[in-house]
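Numbering of ligands and ligand atoms starts at 1, following listing order. Along the sequence shown, the residues carry numbers beginning at 1.
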Amino acid sequence: MALPKGRIFDASLSFLAGCGISLPPDTASTRKLQLDSSDGRYRFILVKAIDVPIYVEYGAADAGICGTDVLRELAPDVHQPLDLKFGRCRMVVAGRGTEDGNARPAPRIATKYPRIAEQFFRQRGKAVEVIPVSGSVELAPALGLAELIVDLVETGNTLRENGLVVVDEIMQCTARLIINRASFHTRQKEISALLDCMERRLS
Ligand code: PRP
């Protein structure tokens, strides 16, 4: 199973522990990228959140935990059988709150989610120039790289501490279980057992 390093990593470990699947005690600090569960039934790989769907879609992992933000951005060809209900946050458009809507024919939008941003503004008939960045997106408006950003907000601290406010909401996000399409059939027994224990944890 591919686990996302970063924002939802700790919550993923807690969720798995609640399902009776525990990882080694040094999981949060180790530099190892493959770890076995304590009972030896599962092998986990630790990858960047944005890469989880690739490992699962190509069958390098049978399953993965992945945010709906990443799933909407990449639209991978995988099963998405379960909303795991943790990692709850919002994808928003944010800015300094002083934007002049008519200042530029196509405002610049800095984001880690170029596809979601393009789709959102296209659906509203608004021309924008999307500037892809891979982190610290909240810097962009202060430095004039972009007028607006599209990014995740959980506590709102990062926006606040960088002088930004929410301008619009795009979607609510949570963590999902994703499963490789072939594994769904070839490893049906193991995947059913995994789904059962996760569903019990969620009920
Ligand atoms: C995410 C997201 C925001 C921040 C939101 O970034 O992109 O920057 O968390 O959380 P908050 O509302 O609780 O402050 P992440 O920590 O993944 O780092 P990154 O900017 O390097 O991608």
Side-chain angles (χ1 to χ4, degrees), residues 1-17 23 26-33 35 44-57 61 64-76 78 80 83-99 107-121 128-178:
M1 182 186 301
L3 295 184
K5 294 195 286 186
R7 208 177 56 85
I8 58 172
F9 184 61
D10 290 345
S12 300
L13 296 184
S14 307
F15 177 80
L16 289 168
L23 276 80
D26 65 344
T27 298
S29 57
T30 184
R31 298 295 297 169
K32 275 193 202 157
L33 299 172
L35 302 166
F44 293 94
I45 59 169
L46 312 188
V47 301
K48 287 191 84 165
I50 193 81
D51 293 332
V52 167
I54 287 290
Y55 281 88
V56 176
E57 183 172 351
I65 292 180
C66 185
T68 37
D69 52 325
V70 169
L71 292 173
R72 172 111 164 245
E73 177 66 20
L74 300 180
V78 293
Q80 299 179 29
D83 181 349
L84 303 178
K85 314 273 189 202
F86 64 84
R88 205 172 283 280
C89 61
R90 299 185 296 153
M91 170 120 11
V92 303
V93 181
R96 303 215 286 171
T98 53
E99 298 76 27
R108 290 178 302 199
I109 318 289
T111 187
K112 291 185 278 192
Y113 304 94
R115 198 162 156 176
I116 293 174
E118 261 158 31
Q119 196 180 52
F120 178 79
F121 288 102
V128 293
E129 182 186 347
V130 172
I131 302 187
V133 290
S134 56
S136 302
V137 185
E138 292 83 355
L139 270 177
L143 300 180
L145 175 63
E147 285 75 44
L148 297 168
I149 65 168
V150 165
D151 201 11
L152 298 180
V153 180
E154 192 174 348
T155 61
N157 289 340
T158 314
L159 285 188
R160 250 188 317 277
E161 291 183 21
N162 291 283
L164 301 177
V165 293
V166 173
V167 173
D168 216 335
E169 180 172 314
I170 300 180
M171 64 188 282
Q172 300 272 344
C173 304
T174 50
R176 293 278 159 104
L177 176 70
I178 61 172

For Leu152, atoms of ligand 1 separated by under 4.0 Å from a heavy atom: 2 (C), 3 (C), 5 (C)

Atom 1 (C) of ligand 1: the protein heavy-atom neighbour that sits closest, reported with distance to 0.1 Å: Arg7 CD, 4.0 Å

Main-chain N/O of Asp26 paired with Thr30 side-chain donor or acceptor, under 3.5 Å: no

Atoms in ligand 1 with a heavy atom of Thr155 nearer than 4.0 Å: 11 (P), 12 (O), 13 (O), 14 (O)

Heavy-atom gap Arg160 to ligand 1 smaller than 4.0 Å: no

Check: Thr174 side chain, Arg88 main-chain N or O, donor-acceptor pair, under 3.5 Å: no

Side-chain donor/acceptor of Glu73 to backbone N/O of Arg115, under 3.5 Å: yes

Sub-4.0 Å atoms of ligand 1 with respect to non-hydrogen atoms of Val153: 12 (O)

Beyond-backbone contact of Ile65 with Pro4, side-chain heavy atoms, under 4.5 angstrom: yes

Residue-ligand contact Gly6/ligand 1, heavy atom below 4.0 Å: no

Nearest protein heavy atom under 4.0 Å from atom 10 (O) of ligand 1, yes or no: yes

Distance filter under 4.0 Å to Glu138 heavy atoms, resulting ligand 1 atoms: 3 (C), 8 (O)

Ion pair Arg108/Glu129, N-O distance below 4.0 Å: no

Heavy-atom closest contact (Val167 atom, Gly95 atom, distance): CG2-N, 3.7 Å

Considering all heavy atoms, the nearest Val56-Ala2 contact: CG2-CB, 4.5 Å

Thr158: numbered ligand 1 atoms lying under 4.0 Å from its heavy atoms: 4 (C), 5 (C), 8 (O), 10 (O), 11 (P), 14 (O)

Distance from atom 17 (O) of ligand 1 to nearest protein heavy atom, with residue and atom: Lys112 NZ, 4.0 Å

Nearest-option assignment for atom 7 (O) of ligand 1, heavy atoms, candidates Asn157, Asp151, Val150: Asp151

Min N/O separation Ser136 to ligand 1 under 3.5 Å: yes

Side chains of Asp151 and Leu159 in contact at under 4.5 Å (non-hydrogen atoms): no

